[in-house]
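When a residue number appears, it is its place in the shown sequence, counting from 1. FYI, side chains are in, hydrogens and waters are out, and symmetry mates aren't considered; it's all heavy atoms of this structure.
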Amino acid sequence: MFRFYMGKGTHKGLYKSIQKTLKFFQTFALLEVNVLLLSIVRTSVLVTGVQVSSRIFMVWFITNSIKQIQNEESVLLFLIVWTVTEVTRYSYYTFNLLKHVPYFIKWARYNLFIVLYPVGVAGELLTIYAALPYVRKTAMYSLRLPNKYNVSFDYYYFLIAVMCSYIPLFPQLYFHMLRQRRKVLHGEVFVEKDE
């Protein structure tokens with residue numbers, strides 16, 4: 001992303017240039033839920049499941065599906081946040097598996113989210129909001145009556161419901177991370193060793 005921006009001087013076209021890699025790795029994150037189920041890494045399966053499914057939804061059913069929004073600043077916003085978050089999180093997991101987590105990595109893992117999480121959510125919500133006119137105009141993924149299944153589905157209203165779901169879900173996930181932060185950073189007893 002950085003190399004693209006430095007070369008082009010704009011974020012326009014960034015999504016198109018990274019979309020294959022983004023789709024692969026965000027979809028591959030489904031394996032992370034399986035890793036959690038095997039207890040290789042200790043973290044909440046529910047929290048991770050919500051985050052992974054949210055990202056897959058944003059990649060496949062919003063940004064990939066609606067080409068007109070791929071150059072929105074909000075897409076750049078959530079891409080930057082996701083990148084910083086993932087580099088920090090997977091660095092923490094890697095060092096944790098090696099049984100040696102440098103304090104800076106631990107600090108970054110449990111402090112950067114305080115700003116990154118709300119900014120990422122804003123980027124996602126603004127992207128969904130930008131998609132609404134295109135979804136309404138094209139009726140994409142919608143099923144209108146009458147049809148042979150006698151069922152109706154309106155993707156436009158579904159997206160509005162998804163946006164509304166952030167109201168109860170975001171605080172729960174955010175406060176979960178704050179609790180984890182208190183536990184990990186402030187629940188430790190530091191004892192100086194004589195060398």
Side-chain angles (χ1 to χ4, degrees), residues 15 18-66 69 74-75 77-98 101 105-129 131-132 135 140-141 153-185 187:
Y15 183 85
I18 65 165
Q19 68 181 339
K20 288 181 183 173
T21 305
L22 180 69
K23 289 187 285 191
F24 173 79
F25 282 105
Q26 290 303 328
T27 305
F28 193 70
L30 285 170
L31 290 179
E32 184 177 346
V33 178
N34 291 327
V35 167
L36 295 174
L37 292 172
L38 296 173
S39 299
I40 295 171
V41 176
R42 293 183 337 149
T43 190
S44 170
V45 175
L46 181 62
V47 170
T48 303
V50 168
Q51 290 171 337
V52 167
S53 59
S54 169
R55 288 183 179 195
I56 289 172
F57 177 77
M58 287 301 300
V59 169
W60 286 101
F61 296 101
I62 301 293
T63 319
N64 183 65
S65 300
I66 307 164
I69 64 163
S74 58
V75 173
L77 190 61
F78 77 72
L79 288 176
I80 290 170
V81 167
W82 288 4
T83 301
V84 173
T85 300
E86 296 306 332
V87 168
T88 305
R89 190 160 60 119
Y90 287 113
S91 296
Y92 177 82
Y93 288 164
T94 301
F95 283 112
N96 199 30
L97 288 172
L98 297 172
V101 180
I105 299 293
K106 185 189 289 187
W107 180 90
R109 167 80 171 115
Y110 290 101
N111 281 294
L112 292 180
F113 82 90
I114 293 170
V115 173
L116 292 176
Y117 210 172
V119 171
V121 164
E124 293 173 20
L125 287 171
L126 288 168
T127 301
I128 296 171
Y129 183 77
L132 288 175
V135 171
M140 71 181 299
Y141 300 143
F153 175 76
D154 193 316
Y155 192 56
Y156 175 83
Y157 289 110
F158 174 77
L159 290 181
I160 291 172
V162 166
M163 291 174 70
C164 290
S165 76
Y166 276 71
I167 295 169
L169 290 177
F170 170 74
Q172 289 181 30
L173 296 173
Y174 192 73
F175 288 125
H176 169 77
M177 285 299 296
L178 286 173
R179 285 190 298 278
Q180 290 298 103
R181 177 182 183 270
R182 264 195 314 274
K183 182 175 144 185
V184 171
L185 294 181

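Checking side-chain atoms of Asn96 against main-chain N and O of Tyr92 turns up no donor-acceptor pair under 3.5 Å. Thr63 places a side-chain N or O within donor-acceptor distance of the main-chain N or O of Met58, the cut-off being under 3.5 Å. For Thr27 (side chain) and Phe24 (main-chain N/O), no donor-acceptor pair under 3.5 Å exists by modelled atom type. Under the 3.5 Å distance criterion, the side-chain polar atoms of Ser91 are matched with a main-chain donor or acceptor of Val87. Put simply, the side chain of Arg109 never gets that close to the backbone of Arg89: no donor and acceptor are under 3.5 Å apart. For Tyr15 (side chain) and Leu79 (main-chain N/O), no donor-acceptor pair under 3.5 Å exists by modelled atom type.
The aromatic rings of Tyr93 and Tyr90 lie perpendicular to each other, with more than 60° between the two planes, well past the 30° mark. Classification of the Phe153-Phe158 ring pair by plane angle, with boundaries at 30° and 60°, yields tilted. Taking the six-membered ring where the residue is Trp, Tyr174 and Tyr117 present tilted rings, their angle falling between 30° and 60°.
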Q: Dump the intermediate steps for side-chain contact (heavy atoms from CB on, under 4.5 Å) on Thr85 and Leu112, then the final yes or no.
A: CA-CA 8 Å; Thr85 300; Leu112 292 180; over 6 Å; no

Q.
Could you walk me through whether Thr88 and Ile105 satisfy the side-chain contact (heavy atoms from CB on, under 4.5 Å) test, starting with their C-alpha distance in whole Å, then the side-chain angles of each, then the deciding distance to 0.1 Å, before giving a yes or no?
A. CA-CA 7 Å; Thr88 305; Ile105 299 293; 5.7 Å; no

Q. For Gln26 and Val52, what are the C-alpha separation, side-chain angles and deciding distance, and is it a side-chain contact (heavy atoms from CB on, under 4.5 Å)?
A. CA-CA 7 Å; Gln26 290 303 328; Val52 167; over 6 Å; no

Q: Evaluate the criterion side-chain contact (heavy atoms from CB on, under 4.5 Å) for residue pair Met140 and Ile66; output intermediate values, then yes/no.
A: CA-CA 9 Å; Met140 71 181 299; Ile66 307 164; 3.5 Å; yes

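Distance check, rounded to the nearest 0.5 Å: CG of Leu22 to CZ of Arg55 gives 9.5 Å. Going from atom OH of Tyr129 over to atom CD1 of Ile69 covers 13.5 Å, rounded to the nearest 0.5 Å. Considering CD of Gln19 and CH2 of Trp60, their distance stands at 9.0 Å, rounded to 0.5 Å. Atoms OH and CZ, on Tyr110 and Arg182 in that order, are 13.5 Å from each other to the nearest 0.5 Å. Interatomic distance, CG of Leu178 versus NZ of Lys183, reported as 14.0 Å (0.5 Å rounding). With rounding to the nearest 0.5 Å, the separation of CG in Leu159 from OG in Ser165 is 10.5 Å.
Residues Tyr166 and Pro171 approach most closely at O-CD, 3.8 Å, considering heavy atoms. Between Thr127 and Gly123, the closest heavy-atom pair is OG1-O, 2.7 Å. Minimum interatomic distance between Asn64 and Lys23 (heavy atoms only, all atoms of both residues): OD1-NZ, 3.0 Å.
Taking the six-membered ring wherever Trp is involved, the centroid distance between the rings of Phe61 and Tyr155 does not fall below 6.0 Å.
Judged by distance alone, the side chains of Ser65 and Tyr141 do bring a donor and an acceptor atom under 3.5 Å apart. Side-chain polar atoms of Gln51 and Trp82 form no donor-acceptor pair below 3.5 angstrom.
Between Asp154 and Val135, every side-chain heavy-atom pair lies at or beyond the 4.5 Å cut-off. Looking at heavy atoms from C-beta onward, Met177 lies out of side-chain contact with Ile114 at the 4.5 angstrom threshold.
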